[in-house]
4 protein chains.
Amino acid sequence: MSADPETPLRADAQRNRDQIIAAARAIFASHGPEVPMEEIARAAGVGVGTLYRRFPDRDALIRAVAVDNFAGVLDDAKRLSVEAPTAWDALVQLLYQGAELQLSMQLAMLSQRAHEILKNDPEVARLREAVLLEVDDLVLRAQAEGSLRKDVGAGDVAVLFARIVRQLPAHRLKMPELATARSIAIMIDGLRAGPVTPLPGRPIGKEDLL
Amino acid sequence: MSADPETPLRADAQRNRDQIIAAARAIFASHGPEVPMEEIARAAGVGVGTLYRRFPDRDALIRAVAVDNFAGVLDDAKRLSVEAPTAWDALVQLLYQGAELQLSMQLAMLSQRAHEILKNDPEVARLREAVLLEVDDLVLRAQAEGSLRKDVGAGDVAVLFARIVRQLPAHRLKMPELATARSIAIMIDGLRAGPVTPLPGRPIGKEDLL
Amino acid sequence: MSADPETPLRADAQRNRDQIIAAARAIFASHGPEVPMEEIARAAGVGVGTLYRRFPDRDALIRAVAVDNFAGVLDDAKRLSVEAPTAWDALVQLLYQGAELQLSMQLAMLSQRAHEILKNDPEVARLREAVLLEVDDLVLRAQAEGSLRKDVGAGDVAVLFARIVRQLPAHRLKMPELATARSIAIMIDGLRAGPVTPLPGRPIGKEDLL
Amino acid sequence: MSADPETPLRADAQRNRDQIIAAARAIFASHGPEVPMEEIARAAGVGVGTLYRRFPDRDALIRAVAVDNFAGVLDDAKRLSVEAPTAWDALVQLLYQGAELQLSMQLAMLSQRAHEILKNDPEVARLREAVLLEVDDLVLRAQAEGSLRKDVGAGDVAVLFARIVRQLPAHRLKMPELATARSIAIMIDGLRAGPVTPLPGRPIGKEDLL
DNA sequence: CATGAATGAGATTTCATTCAT
DNA sequence: GATGAATGAAATCTCATTCAT
């Protein structure tokens, strides 16, 4: 009756799907992408069977979570690009909000496993591309504003971002949020235009990220 | 003559032990702490049995690798503290050499699994303590020298260090070493004394790391 | 409707569970409690995975078999206590049926391994208790009837029972059932009231069994 | 120099051999014949290598322990046969001393594994044969004396013996020696000539034991 | 000879995925 | 559709036996 592959899911099925993605996101973030599927299903309050009906295998689930997450980053970036008073402000806020985004990064850049899975996914590629485009735009504009040092590229920011933006395991620190905020602030001071020391090599652009 | 519980291993056994740790270090670094034990054994050129004779289970192996690695960091820190012309230089070089050290950090701070294992190991605790002590000393001296901003503590440096010093998965970047060097340089610019923006909260000291 | 932790198993699952216990009982009886789990699974006609889903490890399986078996003994004892014309007859028949019971005994009293596992299981403890209570009752009544020698207690009977009622490895005897029946008969003659020689020590009661 | 296969061992080698057998006997008795070879070696105070030099594999060790043990039983039986005032007394004492002998029996009759190993060993066969011959002699003489019931054979006694003479795991009982003594006494009362109930089947002779 | 290190086959256990209910 | 049971391949770990020191 509705053989359309894009038929929206029935309400309850959609709810299940959302719960699964939310559960998977939380668990991937705290325990990495190797957790038993059964555990994810349990956290989502569904049976494994349901999980597998929605996502044919672990890879599909990882992909779905990554897409969901990258889409969030892209939204943020676009919104900030428009709403923030300056490009520099947009960048700064994007970095501060980064804590929210750590998962995408973790999945995309940390786990060899996840990377293999994601690197050939066209949807993920498209979103990555779009995010980098936004960042590139912000970088150029912030440099034009004179607030961002000239010798960095979008790639530098992305790399730094990926490094900083990883939530350190909360259990290692008494005040994880504060520590993250301070790391970001120090990094921002390092990015600020002014009396800087020269960086080695040349700017890393968005084309340098594979 | 050798009833000593610390009897040194027979020459060949010691060689095997070293090979195993080296192999494990390399593999943990590139694939995380979940790789099959058999793969580690193969990489070390020994049978699984040998691996298990030396390290009763995966946890013991992870501990041994971490200890080995932390000991290396400590050596570096001590050497630099004495040899570098200034405390600031020592810090900077320690951070640049950090690439070498990424594994300890990865094990100690990134993988939930590894963290659980290491947090109760007294040997690891002792080494961590010693490293933090060195860093604390460098921080205070560099601040006295006037080259390090005053509003950071050893904990800030350690946290930043742990974040920056992570080997970004080589597969994500055309020029990983350069990208790392640039990240560190930006961070160092952010740490440098001078016209800085105030950081949120208060300095994170070595006591703030659990 | 089935949030109950004791939710009855699905029909097929229950069937598998029964098959596993039956297979395990048979194999434990003939080969002891160390047989490969895979062999038990094969005998039960299921995969190892199924076995492990039902019983998380070997110990759990051993416990389940023991409980099943003790429950059988208890049923027999209760039935005989009521149906047999005299308490003495009930005891005698219980002993003769002992061949059926050898497994509980073997598990409970013979294998060090199994004993360690069972001694802390409350379900097993409860059943043991109940069986001993029945035996104690039969002993007292048979002594009152004048057919059982006065200088023995339920503990003596249980101990003797445990010793006699062991299936001698079939391979050692041309006629194992006959041999067992004769052993029991001789033992019964030894228990019978009449011109007996005094026993060393004092009666061993049910409280003397730990 | 002494290629004679029967060359007596050097003093220290003989000491090692004895220690190994003693250790193996103790461990087999308490933990069955499946204990790790390394554990036996440790208990004997030698390295595994030494154990394996003396006994090419586990089977050889089991055989050696069994031979050692059967030889002890045979000695006892022969001595008692001569020294005890009557054949009945000899039998009774042999049974009481049985606790000492439990190991042979355990090895020979309980573990399927051990049985397979022992059944084809000519040395063991010879000793078994000899023991049964002694018991048969005692049985006939005790019956001639009028003290042993007529309807039993050497096989009956051996079977009963094997059953009774198993040391119940000490941990199950507050007073294991007493319990054993009482079991034996009851069994002896059952064997005594007098007003007995008829046994099923026919006497089990020594030829009936395979 | 004695020792204990190395090996690898086999046992235990876990978990991704399929399928009956 | 949803559920959770069953499966078996793959990982972990143990231990009998061999062999270098």
Side-chain angles (χ1 to χ4, degrees), chain A residues 9-10 12-13 16 34-42 45-61, chain B residues 2 7 9-17 20 34-42 44-61, chain C residues 2 7 9-17 20 34-42 44-61, chain D residues 9-10 12-13 16 34-42 45-61:
Chain A
L9 292 170
R10 250 171 44 187
D12 58 340
N16 276 341
E34 313 277 60
V35 278
M37 293 297 265
E38 188 125 15
E39 199 166 315
I40 296 170
R42 190 164 41 247
V46 303
V48 243
T50 305
L51 196 167
Y52 272 92
R53 162 174 295 272
R54 220 42 83 201
F55 306 97
D57 57 17
R58 177 189 295 278
D59 290 7
L61 178 57
Chain B
S2 59
T7 305
L9 290 172
R10 236 167 56 183
D12 55 342
Q14 182 63 53
R15 184 166 49 259
N16 276 336
R17 201 195 124 97
I20 291 170
E34 313 276 63
V35 276
M37 294 296 264
E38 186 123 16
E39 199 167 313
I40 297 171
R42 190 164 38 247
V46 303
V48 241
T50 303
L51 199 167
Y52 274 93
R53 161 180 279 269
R54 214 48 76 201
F55 306 98
D57 56 19
R58 178 187 295 282
D59 290 8
L61 178 57
Chain C
S2 58
T7 305
L9 289 173
R10 238 165 58 181
D12 55 342
Q14 181 64 52
R15 182 165 53 258
N16 275 336
R17 199 194 126 96
I20 291 170
E34 313 277 63
V35 276
M37 294 296 264
E38 186 122 18
E39 199 166 315
I40 296 171
R42 191 165 36 249
V46 302
V48 243
T50 303
L51 197 167
Y52 273 92
R53 161 178 281 268
R54 216 45 76 200
F55 306 98
D57 56 18
R58 179 187 295 280
D59 291 7
L61 178 58
Chain D
L9 293 171
R10 250 171 46 184
D12 57 343
N16 276 341
E34 311 278 63
V35 279
M37 293 296 264
E38 188 125 15
E39 200 166 314
I40 297 171
R42 191 164 38 249
V46 303
V48 243
T50 305
L51 196 166
Y52 272 92
R53 163 174 294 272
R54 217 46 81 203
F55 306 96
D57 57 17
R58 178 188 295 279
D59 291 7
L61 178 57

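In the text below, chain A, chain B and the rest are named by the order of the sequence lines, each starting its count at 1.
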Identify which nucleotide among F:dA5, F:dA2, E:dA5 has an atom closest to any side-chain atom of C:Asp12, counting heavy atoms from C-beta outward. F:dA5
Those residues that, when tested against B:Asp59, pass side chain to side chain donor-acceptor pair (under 3.5 Å) (two or more places apart): B:Arg113
Examine E:dC1: is either OP1 or OP2 under 4.0 Å from a nitrogen or oxygen in the side chain of D:Arg53? Give yes or no. no
Residue closer to the 5' end of DNA chain F, A:Gly45 versus C:Gly47 (nearest nucleotide): A:Gly45
Nearest to side-chain heavy atoms of C:Glu38, which nucleotide of F:dA6, E:dT12, F:dT21: E:dT12
A:Glu34, CD: over 12 other non-hydrogen atoms inside 6.0 angstrom: yes
Would you say E:dA2 has OP1 or OP2 under 4.0 Å from some side-chain N or O of D:Asn16? yes
Quick one: is F:dA11 close enough that its OP1 or OP2 comes under 4.0 Å of any side-chain N or O from B:Arg58? no
Walking DNA chain F from its 5' end, the first of B:Asp57 and C:Val48 to be reached, judged by nearest nucleotide, is C:Val48
Among D:Val46, D:Leu61, D:Val48, which residue meets the side-chain contact (heavy atoms from CB on, under 4.5 Å) test with D:Ile40? D:Leu61
Using a 3.5 Å limit on both pairing distances, list the dot-bracket string of DNA chain E from the 5' end; Watson-Crick and G-U wobble pairs count, crossing pairs take [ ], interstrand pairs take |. .||||||||||||||||||||
Does A:Glu38 have more than 12 heavy atoms from other residues, nucleotides or ligands lying within 6.0 Å of its CD? no
Please determine, for the side chain of C:Thr50, which listed nucleotide (E:dA11, E:dT3, F:dT7) has the closest atom? F:dT7
Which nucleotide wins on minimum distance to the side chain of C:Tyr52, given the candidates E:dT12, E:dA16, F:dA2? E:dT12
Using the side-chain heavy atoms of C:Arg54, tell me which of these nucleotides is nearest: F:dA6, E:dA6, E:dT12. F:dA6
